[in-house]
Amino acid sequence: MQQTVRPAGRLLGSVALPGDKSISHRYGMIASLAEGVSKIQNYSTGADCHSTLGCVQSLGIEVEKEGTSVTIHGRGLRGWRSPSSDLDAGNSGSTIRMMAGLLAGQPFTSRVFGDESLSRRPMARVMKPLTQMGARFEAREDQFPPLTIHGGELHPIDYTLPVASAQVKTCVLFGGLFAEGQTIVREPVRSRDHTEIALREFGADLKVIQRVITLEGRPTLTGRELIVPSDLSSAAFFLVAGLLIPESHLIIRNVGLNPTRSALLDFLMGAGAPIKVLKIESVNGELIGDIEVKHAPVRGGVIEKDMAAALIDEIPVLAVLGAASEEGLVIRDAQELRIKETDRIATVADNFKRMGIEIEVTPDGMRIPGKQKFRAAAFDSFGDHRIAMAFAVAGLRGDGPSTIDNADAASVSFPEFWNILDQAAGSNA
Ligand code: S3P
């Protein structure tokens, strides 16, 4: 699908976004291993989170969907059944990596595959700790999907993560659910902690002391009612669009504000963005609030070290903001960008060139001078949802209509993106 984006006059109104992708995956997976029924409201509409539901259904779990509400009939920690066919993770790195931990603890062999992009993403980072716990794997070239997982009796490990990755942390903790005794995960940098919060919500005994997480194995997880906050990483596109387009004023409702995710707000406010958090409450252990943004120039800055890990999903759209900022944006220590749905350093740079934006690419990041003029262009998402949406935002500021090829990639996390953008921009977009 090709999408046209016209320069926007201003973005106005109050927007409601789909449920958080990271939290939806975790609730979907854990609920399927809990005893009894879980009702999840505002479950992500993104294709990725539906890949997770498809996998748990293939493992014999009944799932009912009604709008954005999902009901999961969990059958306990030992309730999955050997699947009769391979499990399809689609485009979803979270599905394959987190499910690997759960499948490693099963008394059967399973095989998980994905689309072309997922088939190029490295899995050794989850195979290594799970092998130490007692599982066995086969993978294409020993590291790429399809992944065959020979599950079995797991034993607990004390594992120091070599990379800051919430997916790998989750995978080890999920393996630890099936191991008798304490599984310990040590993080180099604090990554998103939705797994820790969700496991506790479902009744697991889990302790966090600074960057060390200790999980007691073989808990009884109990089904429950949950509400998923709206996705801050999806809100990022509207926050940046609001900042970029003169006279914009947006309120984004019920957004997840978990402190391990909200570095985006810290970065933007630190760069002078007039962003306000209007109300905060705690729902199922996760913070939720409304965010207000108004148009204003921002300074730009440097994203590096721990900040690079904390902002990894938002970097494509922050790069777009950086090109319009007063002082430009430097991104370092973000080599993980190269192994996302696309090599996001390369795909950002490619689209920047199409619109005449200057960028210097480095092995672990990019340097983007500020105050650049945005020209209309023919963009390509290269099949990557965050690239599609980041360059839609760039197109709003263009000097004429822009097009985005493979724009349907946005559905991976945010199928409503084009409609909501259209509404916020009135008849302009
Ligand atoms: C995610 C963790 C991050 C992030 C991804 C979702 C999660 O990946 O980029 O979009 O839900 O745990 P890594 O764990 O590879 O950093």
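For the numbers below, each heavy atom of this structure counts, side chains included, while hydrogens, waters and symmetry mates do not. Computed from a predicted structure; not experimentally measured. Order of listing sets the numbers, starting from 1, for every ligand and every atom in it.
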Among non-hydrogen protein atoms, atom 3 (C) of ligand 1 lies closest to Lys340 NZ, 3.9 Å

Note: heavy atom closest to atom 6 (C) of ligand 1, options His25, Arg386, Gln167, belongs to Gln167

For the CG atom of Leu130 and the NE2 atom of His150, what is their distance to the nearest 0.5 Å? 13.5 Å

Just to be sure I read this right, does ligand 1 sit under 4.0 Å from the backbone of Ala166, its side chain, both, or neither, counting only heavy atoms? both

Shortest reach to atom 2 (C) of ligand 1 by a heavy atom, considering only Glu336, Lys169, Arg192: Arg192

Under 4.0 Å from any heavy atom of Ser94, which atoms of ligand 1 are there? 6 (C), 11 (O)

Exactly one candidate in Thr109, Leu103, Leu59 meets side-chain contact (heavy atoms from CB on, under 4.5 Å) with Pro83; the answer is Leu59

Candidates Ser413, Cys171, Ser165; heavy atom nearest atom 13 (P) of ligand 1 found on Ser165

So which protein heavy atom does atom 12 (O) of ligand 1 come closest to, and at what separation? Arg26 NH2, 2.6 Å

Please test Arg125 against Ser165 for side-chain contact (heavy atoms from CB on, under 4.5 Å), starting from the C-alpha separation and ending with a verdict. CA-CA 9 Å; Arg125 53 181 60 196; Ser165 165; 4.3 Å; yes

Region of His194 engaging ligand 1 - heavy atom pairs below 4.0 Å: neither

Protein heavy-atom partner closest to atom 10 (O) of ligand 1 - residue, atom, separation in Å: Asp313 OD2, 2.9 Å

Under 4.0 Å from a heavy atom of Ile312: give me the atoms of ligand 1 that qualify, with their elements. 9 (O)

Give the C-alpha distance, both sets of side-chain angles, the deciding distance and a yes or no for side chain to side chain donor-acceptor pair (under 3.5 Å) between Ser69 and Gln41. CA-CA 4 Å; Ser69 290; Gln41 281 179 48; 5.5 Å; no

Identified salt bridge (charged side-chain N to carboxylate O under 4.0 Å, His left out) partner of Lys21 from the options Asp48, Asp313, Asp231: Asp48

Using side-chain contact (heavy atoms from CB on, under 4.5 Å), reason through Glu216 and Lys207 one step at a time and then give a plain yes or no. CA-CA 9 Å; Glu216 216 46 71; Lys207 288 186 187 61; 5.8 Å; no

Val228 side chain reached by Ser44 side chain, heavy atoms, under 4.5 Å: no

Ring centroids only, cut at 6.0 angstrom: are Tyr43 and His50 within range, meaning strictly under it? yes

Number the atoms of ligand 1 from 1 as they appear, then name those within less than 4.0 Å of a heavy atom of Ser22, with their elements. 6 (C), 7 (C), 11 (O)

